[in-house]
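Below, chains carry the letters A, B, ... as their sequence lines are ordered, and counting in each starts from 1.
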Amino acid sequence: MSKELTTRAADYSQWYNDLVIKGELADYSAVRGCMVIKPYGYALWENMRDQLDRMFKETGHVNAYFPLFVPKSLFEAEEKNAEGFAKECAIVTHYRLKNDPDNKGKLIVDPEAKLEEELIIRPTSEAIIWNTYKGWIQSYRDLPILINQWANVVRWEMRTRLFLRTAEFLWQEGHTAHATKDEAVEETKKMLEVYAEFVENYMAVPVIKGVKTANERFAGAEETYCIEALMQDGKALQAGTSHFLGQNFAKAFDVQFLNKENKKEYVWATSWGVSTRLIGALIMAHSDDQGLIMPPKIAPLQVVIVPIYKGEESKNVIDDKVADIIKELKALGISVKYDNSDNARPGWKFAEYELKGVPVRIALGLRDIENNVVELARRDTKEKKSVAIEGLGSYVKVLLEDIQQNIFNRALAFRNENIREANTWDEFVTLLDTKAGFVSAHWDGTSEAEEKIKEQTKATIRCIPLNNKQEAGKCILTGNPSTQRVLFARAY
RNA sequence: CGGGAUGUAGCGCAGCCCGGUAGCGCACACGUCUGGGGGGCGUGGGGUCGCAAGUUCGAAUCUUGUCAUCCCGACCA
């Protein structure tokens, strides 16, 4: 099977879809807007999940699991949150089917089995969790609660895209409860740091940490912190969010505690999440026209070995040699696959593993064995060289670290080249239309101006970067005074 | 929800305008030569043409309806 990929230049969206489908990360399913995550894609998600999970636990969190369904009365308790998600909720109204009397072999919803109260399939779990926390919290001694859950959620999106926006997606959502505002704010920021560290150090995708404007804030939050990444087509992608929820949910669900002075206070809350969308970010940040490029630290497979043989006899010789190499690599904690299957030829395998983004490929035949070398190819630069079998393990280990660093540096350089300042409206519009990327510009801080800019340019304020430099300026739209620049971009 | 497109073999497509025995490439199976960048040759298997009505002697093809998916837009992690 030849797997022709659309190039980025020809059709960026199609290129992305081709990588996901032909790279065997995911497949379309029989359900509109829902995808099947295939084993290779799921292995990637598992690696991401496992690392994040370690980081959450290192920062004091524990995992738990809450129901998929949220009774409507709970869902609507926090008004802003409910309003924000209402338009995209799937709702369970019945609990039973029955045989269709008019159509043999078919089923219909049993009208007798209507639920007293509709159940909302969670688009996010604040409601069900805060309803639960109410029963868990009486005293300041019960705080903080630092819980994370790995779950699926459903958001009935109008238009979906593999990994970037599916109707059902996998994610983690942290939900913490604190006795003081300061502690909750600190938690919000801490988790933003965890996300930034994960995305940069493991996924090799550079991010900008910032705060969302009121318009872009999570429904029900007081403050939304985010990490924003830049894709190769110049569009921004929100890679993770961490919300300071204030006392909104505590008030909505009446969660109070007695403080040390024996006075009742509402609990302070945070929530934070990243999803399978990160896989979309990973693909669009690194990959090229030959296929995916996996960062070694989370690659489902770090090294693939392809034998070059002629006939059974030479295959056996190579198999023996490779067994030693695999042993050495595995001892160093490197994941490795030996593909000596006879149903594809070497050239086909080379292309296939490039498509899948395996960071390092080792090829060897009798010729190499005689010389005690292998041919080693790195996916990020496609550079090939002959490397001694002696000490191959440590060579590969260093190489994997180098690839990890190299793809991060490459993405960082691209990101930095694509942050440009605009000082006038014309400059702003021209930059958006000709260069894409982030545009750093002054904004007067009003929602009205933000809305108008969005209407006219489709660009949104991605964030107000943390530690932003304060400088006097004029809003590019209104000319009103401004104290700092914010980052605009067209976004996914 | 607005606009555009597509449903024919596992995948990608042609055939439809102008109705008359369902075709190509890849994949798959077997054999063989091969093997250092998506192999060659030979043989073979596989499809109620998305679904439902209608027109007709006859429908993949014409008509109507319907369902689904994809792409672009608005919305959104």
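- Partners of A:D53 by salt bridge (Lys or Arg N to Asp or Glu O under 4.0 Å), not counting sequence neighbours, listed by chain and number: A:K57.
- Of the candidates B:rC75, B:rG38, B:rG35, B:rC75 carries the atom nearest the A:K87 side chain, counting heavy atoms from C-beta on.
- Between A:Y202 and A:F198, the two ring planes are parallel [angle under 30°; tilted spans 30° to 60°].
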Got a list of protein N/O to nucleotides 69-73 of chain B N/O distances below 3.5 Å?
| from | atom 1 | to | atom 2 | distance (Å) |
| --- | --- | --- | --- | --- |
| B:rU69 | OP1 | A:R32 | N | 2.7 |
| B:rC71 | OP1 | A:N17 | ND2 | 3.0 |
| B:rC72 | OP1 | A:S13 | OG | 2.8 |
| B:rC72 | OP2 | A:R159 | NH1 | 2.8 |
| B:rC72 | OP2 | A:R159 | NH2 | 2.3 |

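- Counting atom types as modelled, A:K384 pairs a side-chain N or O with a base atom of B:rG37 as donor and acceptor under 3.5 Å.
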In residues 86-93 of chain A, what donor-acceptor pairs under 3.5 Å come from side-chain atoms, sequence neighbours left out?
none

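- Here B:rU32 sits opposite B:rG40 as a Watson-Crick or G-U wobble pair (both hydrogen-bonding atom distances under 3.5 Å).
- Counting heavy atoms of neighbouring residues, nucleotides and ligands inside a 6.0 Å radius, atom CD of A:E383 exceeds 12 of them.
- A donor-acceptor pair shorter than 3.5 Å can be found between the side chains of A:S341 and A:N343.
- Map A:N343 and A:F350 each onto its nearest nucleotide of RNA chain B; the residue landing nearer the 5' end is A:N343.
- Legend: ring-ring contact (aromatic ring centres under 6.0 Å, His included) pairs involving residues 272-298 of chain A, not counting sequence neighbours, sorted by first then second residue: A:F56-A:W272, A:H61-A:W272.
- Only the P atoms considered, B:rU8 is 23 Å distant from B:rG19, to the nearest whole Å.
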Side-chain donor-acceptor contacts of residues 430-437 of chain A below 3.5 Å, not counting sequence neighbours, with atom names and distances?
| from | atom 1 | to | atom 2 | distance (Å) |
| --- | --- | --- | --- | --- |
| A:T430 | OG1 | A:D426 | O | 2.6 |
| A:D433 | OD1 | A:R490 | NH1 | 3.4 |
| A:D433 | OD1 | A:R490 | NH2 | 3.0 |
| A:T434 | OG1 | A:T430 | O | 2.6 |

Anything under 3.5 Å between a protein N or O and an N or O of nucleotides 4-6 of chain B, put it in a table, one pair a line.
none

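- Among the nucleotides B:rG36, B:rC75, B:rG37, the one closest to any side-chain atom of A:P346 is B:rG36.
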List the atom pairs, donor and acceptor, that lie under 3.5 Å between side-chain atoms in residues 291-308 of chain A and the rest of the protein, sequence neighbours left out.
| from | atom 1 | to | atom 2 | distance (Å) |
| --- | --- | --- | --- | --- |
| A:K297 | NZ | A:N201 | O | 3.3 |
| A:Q302 | OE1 | A:S335 | N | 2.9 |
| A:Q302 | NE2 | A:P296 | O | 3.0 |

Run the side chain to side chain contact (heavy atoms under 4.5 Å, CB included) check on A:D342 and A:Y309 step by step: do they pass? CA-CA 10 Å; A:D342 203 23; A:Y309 58 86; 2.7 Å; yes
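- Between A:E354 and the choices A:R361, A:K382, A:K349, the side-chain hydrogen bond (donor to acceptor under 3.5 Å, both in side chains) rule is met once, by A:R361.
- Near-neighbour residues of RNA chain B inside residues 303-325 of chain A, defined by a heavy atom below 4.0 Å, number-ordered: A:I308, A:Y309, A:K310, A:G311.
- Residue pairs meeting the ring-ring contact (aromatic ring centres under 6.0 Å, His included) criterion with at least one member in residues 208-236 of chain A, sequence neighbours excluded, are A:F85-A:F218, A:F218-A:H243.
- Residues that satisfy the side-chain contact (heavy atoms from CB on, under 4.5 Å) test with A:A281, not counting sequence neighbours, are A:M231, A:L237.
- Set against B:rG36, B:rU34, B:rC76, the side chain of A:E375 has B:rG36 as its closest nucleotide.
- Of the nucleotides present, B:rG65 is the one that pairs with B:rC51 by Watson-Crick or G-U wobble criteria, both distances under 3.5 Å.
- Within residues 211-228 of chain A, no residue places a heavy atom under 4.0 Å from RNA chain B.
- Contact annotation for A:K454: backbone-only contact, meaning every heavy-atom pair under 4.0 Å involves sugar-phosphate atoms and none involves a base.
- Residues satisfying the salt bridge (Lys or Arg N to Asp or Glu O under 4.0 Å) criterion with A:D368, sequence neighbours excluded, are absent altogether.
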